[in-house]
Amino acid sequence: MSTPNHGPELHGLLAEFDSASQLVAAAHRTHAAGFRKVDAYSPFPIEELAEALGHHHSPVPLLVLGGGLAGAAAGIGLQYFVSVVAYPLNIGGKPLWSWPAFIPVAFETTILFAAFAAVFGMLIVNRLPQPHHPVFNAPRFALASRDRYFLCIEAEDPHFDRERTRQFLLSLSPTEVTEVAP
Amino acid sequence: MDRTPLPSLDPAAWSAPPAVHRWRGIALAVGLVAAAACLAGWLLDRDQMLRSWLVAWLLWLGVALGSLSLAMIHHLTGGAWGLVIRRQLEAATRTLPLLALLCLPLLAGLPAIFVWARPEAVAHDHALHHKAAYLNVPFFIGRTVAAFAIFGLLAFLLGRWSRQQDEGGGAASGARMRAASGLGLVLMVLVGTFVSVDWLMSLDPYWYSSLYGVLFLAGHALSALVLAIVVTWLLAGHAPMSTAVTKKHFHDYGKLLLAFVMFWTYLAISQYIIQWQANLPEEAVWFQHRTHGGWQWVALAIVLFHFLFPFLLLLSRSLKQRMPALAGVAMLLLVMRWVDLHWQAAPTFSPDRLALHWLDLAAAVAVGGLWLAWFFHQLAKRPLLPVNDPHIEEALGHG
């Protein structure tokens with residue numbers, strides 16, 4: 001991490017926009033300008049936004065795949081243990097290892113474990129729960145859950161410069177740009 | 001964001017490129033050559049030719065009926081995905097007259113296909129004798145005519161209102177299409193179930209599965225989506241559609257394809273598990289015939305290539321956004337639709353012994369070639385986008 005050249009007293013610069021498409025356009029230009037420590041906030045999920053900011057690969061899908069495979073193994077293993085090892089019962093003359101009968105339960109455990117992996121994996125990757133975040137210091141930020149769209153260039157970014165970054169954000173025609181205390 | 005200028009919404013700007021006429025010519029030539037081979041097959045081995053023709057006809061009937069279903073689903077639910085492929089779906093629904101025509105050899109040769117249509121077989125079989133009130137030739141033909149009349153009327157009305165919308169009919173046409181689609185989807189499930197029982201399940205008149213109709217229709221939707229994806233990929237290489245189709249649309253089609261692959265698999269495996277679990281002789285024998293003597297390898301191929309490989313491939317986000325890759329998976333699925341139908345129909349005539357006749361392939365290509373030629377002819381008749389739909393700008397990413 002390079003040392004920021006602005007003093008430690010700033011989390012970043014926050015630009016406010018009126019519409020989702022303005023925010024996406026601004027995110028594209030910010031990414032193109034070389035900023036990487038950037039985050040965007042909107043009242044609802046915007047599909048193109050993550051890509052515009054350069055977030056291409058999230059580890060969550062792999063976690064979900066791992067969870068699903070573990071769930072399938074657990075479901076089949078449980079039924080194998082119960083039907084073949086622990087309590088073998090002859091049902092309708094079928095073999096003890098009757099795998100077609102195990103599919104529905106294995107399917108359900110696959111979904112269950114994959115869903116857990118998705119939820120908890122998402123929380124861990126996002127480092128949630130997080131009781132406080134500096135961006136809440138911005139006075140108008142509460143509007144991010146109503147009808148305003150925000151883009152924050154963080155001071156940790158190597159290209160960050162208090163004055164030049166502010167000029168850059170103003171060039172994206174936001175409604176306003178504010179400084180965010182750490 | 002890459003904001004290309006809004007494409008023109010003038011219907012004349014969206015007429016089919018010359019390539020569509022070329023594809024029609026290729027399809028027609030291939031179809032006619034294969035049809036000539038089928039004609040020779042008819043003279044050499046009439047029974048085999050009819051049995052092969054049945055599978056081929058059911059495959060392409062599925063594409064047309066599935067397109068009707070998807071078009072109606074889109075009228076009811078809306079969404080950007082449907083507007084870009086609506087004209088492909090509508091053109092496919094207008095192939096029903098051709099499919100009715102291609103059905104005539106089958107209707108003329110029912111005893112070669114269905115055991116219940118042979119009076120000498122019915123006379124010596126108690127079960128068939130009792131089922132004759134439903135499974136008899138005149139009633140069967142009547143049901144087929146009725147099914148074609150219902151589907152044909154739906155396709156005709158939806159196509160007509162869609163054209164009125166192009167001509168500026170606006171909101172009234174949209175409301176009519178929505179209302180007809182609600183009723184039409186109910187009819188599709190009911191009538192489609194009868195078609196599945198008549199044309200495929202009654203090949204083995206002792207066997208029954210109450211899930212069969214929905215499985216049949218899920219296969220149709222899959223086939224129709226395959227056609228829409230492949231044709232949209234072809235069209236995307238030529239003006240004017242090259243300006244309208246984006247990888248975002250393809251991402252949507254990939255997601256839908258994945259959903260339909262899973263839906264079809266869910267139904268197929270449910271049917272299998274229920275009958276395997278119950279293990280009743282009259283039900284289990286159907287799977288017995290289809291999992292022995294070589295047919296088990298076909299069943300395995302269906303599990304691998306109709307479900308597992310497409311499923312795993314379609315999980316990838318980047319594959320879904322790459323048009324040629326998605327079109328490749330789609331074409332694999334169309335081949336597997338044919339394999340699945342062959343696996344359901346052909347063991348009736350060759351239980352416990354794998355059978356693949358050259359006429360099976362010739363018939364699939366003949367019906368497919370003629371069908372595609374008719375389809376491309378219909379596609380070229382109208383603008384490639386429903387330019388007067390109120391949501392068209394949104395669908396093109398300019399909302």
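Each chain gets a letter, A, B and so on, in the order its sequence line appears, and its residues count up from 1.
Here the side chains of A/V177 and A/P174 are in contact, with some heavy-atom distance below 4.5 Å.
A salt bridge links B/D389 to B/R86: at least one charged side-chain nitrogen sits closer than 4.0 Å to a carboxylate oxygen. A salt bridge does not link A/E48 with B/K247: every distance from a Lys NZ or Arg NE/NH1/NH2 to an Asp or Glu carboxylate oxygen is 4.0 Å or more. The pair A/R148-A/D18 counts as a salt bridge, with a side-chain nitrogen and a carboxylate oxygen less than 4.0 angstrom apart.
Although no hydrogens or angles enter the test, the distance criterion places no donor-acceptor pair under 3.5 Å between the side chain of A/Q130 and the main chain of A/L128.
No close placement of the A/F160 and A/F35 rings is indicated, their centers lying 6.0 Å or farther apart. Remark: aromatic rings of B/F263 and B/Y266 are distant, center separation not under 6.0 Å. Taking the ring centroids of B/H289 and B/W295, they lie at or beyond the 6.0 Å cut-off.
Residue-level contacts of residues 136-146 of chain A with chain B do not occur; threshold 4.5 Å between heavy atoms. At a heavy-atom cut-off of under 4.5 Å, chain B is reached by A/K94, A/S98, A/P100, A/A101, A/I103, A/P104 from residues 84-117 of chain A, listed in order of number.
The most heavy-atom pairs under 4.5 Å with chain A, out of B/I273, B/L315, B/N279, come from B/I273.
Ring geometry for B/W286 against B/W207 counts as parallel: the plane angle stays under 30°, on a 0 to 90° scale with 60° as the upper cut. In this pair, B/F309 and B/F305 present their aromatic rings perpendicular. The plane angle is above 60°, beyond the 30 to 60° band.
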